[in-house]
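Every value quoted in this text rests on a predicted model; they were computed, and no experiment measured them. The figures here come from the full heavy-atom set of this structure, side chains too, leaving out hydrogens, waters and symmetry mates. Order of listing sets the numbers, starting from 1, for every ligand and every atom in it.
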Amino acid sequence: MNNKPALRIGIVGGGISGVALALDLCRQSHLDVQLFEAAAAFGEVGAGVSFGANAVRAIAGLGIGEPYLEIADRTPEPWQDVWFEWRRASDGGYLGASVAPGVGQSSVHRADFLDALASRLPKGVARFNKRAAQIEQKGNEARVIFSDGTDYHCDLLIAADGIKSAIRNHVLEGLGDRPVVPRFTGSCAYRGMIDSRYLRDAYRSQGIDEHLVDVPQMYLGLDGHILTFPVKHGRIINVVAFISDRSRPDPLWPQGAAWVREASQREMLDAFAGWGDAARVLLECIPAPTHWALHDLPELPGYVHGHVALIGDAAHATLPHQGAGAGQGLEDAYFLARMLGDPQVSSENLSALLAAYDALRRPRACRVQRTSWEAGELYELRDPSVGNDEQALSATLRSRFDWLWNHDLDADVAQARALLGWESLRSCV
Ligand code: FAD
C-alpha cells in the first residue's frame with residue numbers, strides 16, 4: 001500500500017487547458033488536485049474552435065475522446081479529409097485544399113466543449129471566484145494568494161490562466177528574465193455565427209454553390225482572410241474574418257482599450273469592400289459581429305520556475321491562423337497528465353519532471369507561435385517567397401501543416417520518462 005501523502009497540485013485557470021488537465025489528474029489517487037477559476041462559473045465565448053489531428057489525439061489521450069466526438073463536427077463525405085478549401089477573395093475561385101487524412105476539419109462550439117469537460121469534474125475540485133493575485137515560493141512549496149485574501153499551498157502550481165496570466169511574470173522573473181506583456185499583432189478579427197439554413201438560402205438566392213456552406217472554407221486576400229466551418233452538427237456556421245494593418249512594424253493597441261467589442265455590420269462590410277460575392281453574402285448574414293484585437297506572446301525563455309509551471313495561452317498564446325492554440329494547451333495537458341499521473345512522481349523528482357516538460361514542450365509550442373504568424377502572412381498574400389503566386393500558394397498550403405498534425409506526443413512523453421529514468425510507458429502498457 002502506498003502511504004505517501006498525495007502530491008498537492010493547484011491549477012489556476014478554468015479554460016480548456018486547465019480543465020482538461022484537472023480532469024485527467026483528479027482520476028489519480030496519488031494526487032490532490034484543486035482548480036481555481038477567477039470567474040463565478042466556467043465560461044467560454046460563443047464561437048467555434050477547430051482542432052488538428054494532434055489535438056484530437058491529445059483529447060482522446062486525456063480520456064475525453066467520446067464526449068468530444070459526440071459534440072464535434074467533421075467535414076461531410078466525400079470531403080471528409082478536407083481541413084480547409086482555399087479560395088480567392090475576389091471571386092471565390094478554388095485554389096486548392098489542405099487534407100488531414102482520417103480527421104479533416106474537427107470542430108466544436110467552445111461552450112459545448114468546456115461544458116462537456118467541466119461537467120465531468122468531480123465535485124469539490126473546482127473553486128470559483130478565486131483570482132490568483134500573487135505567488136510565493138519557499139522550500140518545496142508554492143503559495144498562491146487570491147484577491148479575496150485567501151491562499152493555497154501546494155507542491156506544484158500550474159498556471160493555465162490564459163494570455164493575460166497573472167503568474168507568467170513570476171516565472172520569468174524567477175528565471176532572471178524580463179517580464180512580458182501580450183503584444184498586439186496588427187490583426188483584428190470580426191466573428192459571428194450564422195444559422196446554416198439562412199446562409200444556404202442566401203447563397204442559393206445569389207446562385208452561389210452550397211458546397212461553400214458544408215465544407216470548411218478559407219478566402220484569401222491582400223491583408224485579409226475569412227474562414228468558415230460548421231459547428232453544432234452543421235446547424236451553425238462559424239465565421240472569422242481577419243483584417244491586418246501592416247503599416248507599422250510594431251503595432252500598438254491603445255492602452256486600456258478593450259480587446260473585444262461589438263461592431264456594426266457596416267464597419268465589417270467596409271473592411272472587406274471589393275471582395276467577391278461568396279464573402280460579401282457570408283458577411284451580410286452576420287448582423288452583429290464582434291471585433292477582436294488579436295494579441296500573442298513572444299516566445300518565452302522558460303515555462304518553469306521552481307514549483308510553478310505555465311501551460312496553454314499563459315505560456316504560448318499565438319495567432320489563431322493554424323487553429324492550433326487550444327490544441328497546444330491540450331498537448332501540454334496530455335504531456336503533464338501522463339507524467340504526473342505516474343505514481344513514481346514525488347516531490348524529489350518533480351523538478352526533473354518539470355525540466356523535461358520545459359525541454360520537450362517549449363520548442364514545439366514556440367514553433368507553433370512562429371508558424372502561426374507566418375501562416376497569416378501567407379494567407380494574406382504577404383509571404384515574401386509566395387506573395388500572390390496562386391500555384392505556389394496552393395502547393396505550400398497542401399502540406400504546410402503536416403509537421404503540426406503528425407507530431408508524436410507519446411514519443412515526447414517516452415523521452416521525458418527516459419530523462420527521469422522511468423521505464424518506457426509503452427512497455428508498461
Ligand atoms: P483561456 O481560455 O484564456 O482560459 C484561462 C482561464 O483562466 C479563464 O477561465 C480565466 O477566467 C481564468 N483566469 C484568468 N486569470 C486568472 C487568475 N488570475 N486567477 C484565476 N483564474 C484566472 N485555438 C485552436 O486550437 N483552434 C482554433 O480554431 C482557435 N481559434 C481561435 C480564434 C480566435 C479568434 C482566437 C482569438 C483564438 C483562437 N484559438 C484557437 C486559440 C484558443 O482560443 C486559445 O489558445 C485557448 O482558448 C486557450 O485556452 P487556455 O485554457 O490556455 O486559456
Residues, nucleotides or ligands: over 12 heavy atoms within 6.0 Å of Arg27 CZ: yes
Just wondering, are more than 12 heavy atoms of other shown residues or ligands nearer than 6.0 Å to CZ in Arg261?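 Counting other residues, nucleotides and ligands, CZ of Arg261 exceeds 12 neighbours.
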Judged by atom type as modelled, is there a donor-acceptor pair below 3.5 Å linking the side chain of Ser107 to the main-chain atoms of Phe51?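 Checked: no pair found.
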Output yes when Arg143 and Glu136 qualify as a salt bridge under the 4.0 Å nitrogen-oxygen rule, no when they do not. yes
Less than 4.0 angstrom from a charged side-chain N to a carboxylate O is my criterion; do Arg87 and Glu85 meet it? yes
Is any side-chain heavy atom of Met339 closer than 4.5 Å to one of Arg417? yes
Sorted by chain and residue number, the residues with a non-hydrogen atom under 4.0 Å of ligand 1 are Val12, Gly13, Gly14, Gly15, Ile16, Ser17, Phe36, Glu37, Ala38, Val49, Ser50, Arg110, Lys130, Arg131, Ala132, Ala160, Asp161, Gly162, Ala166, Arg191, Leu294, Gly312, Asp313, Pro320, Gly323, Ala324, Gly325, Ala326, Gly327
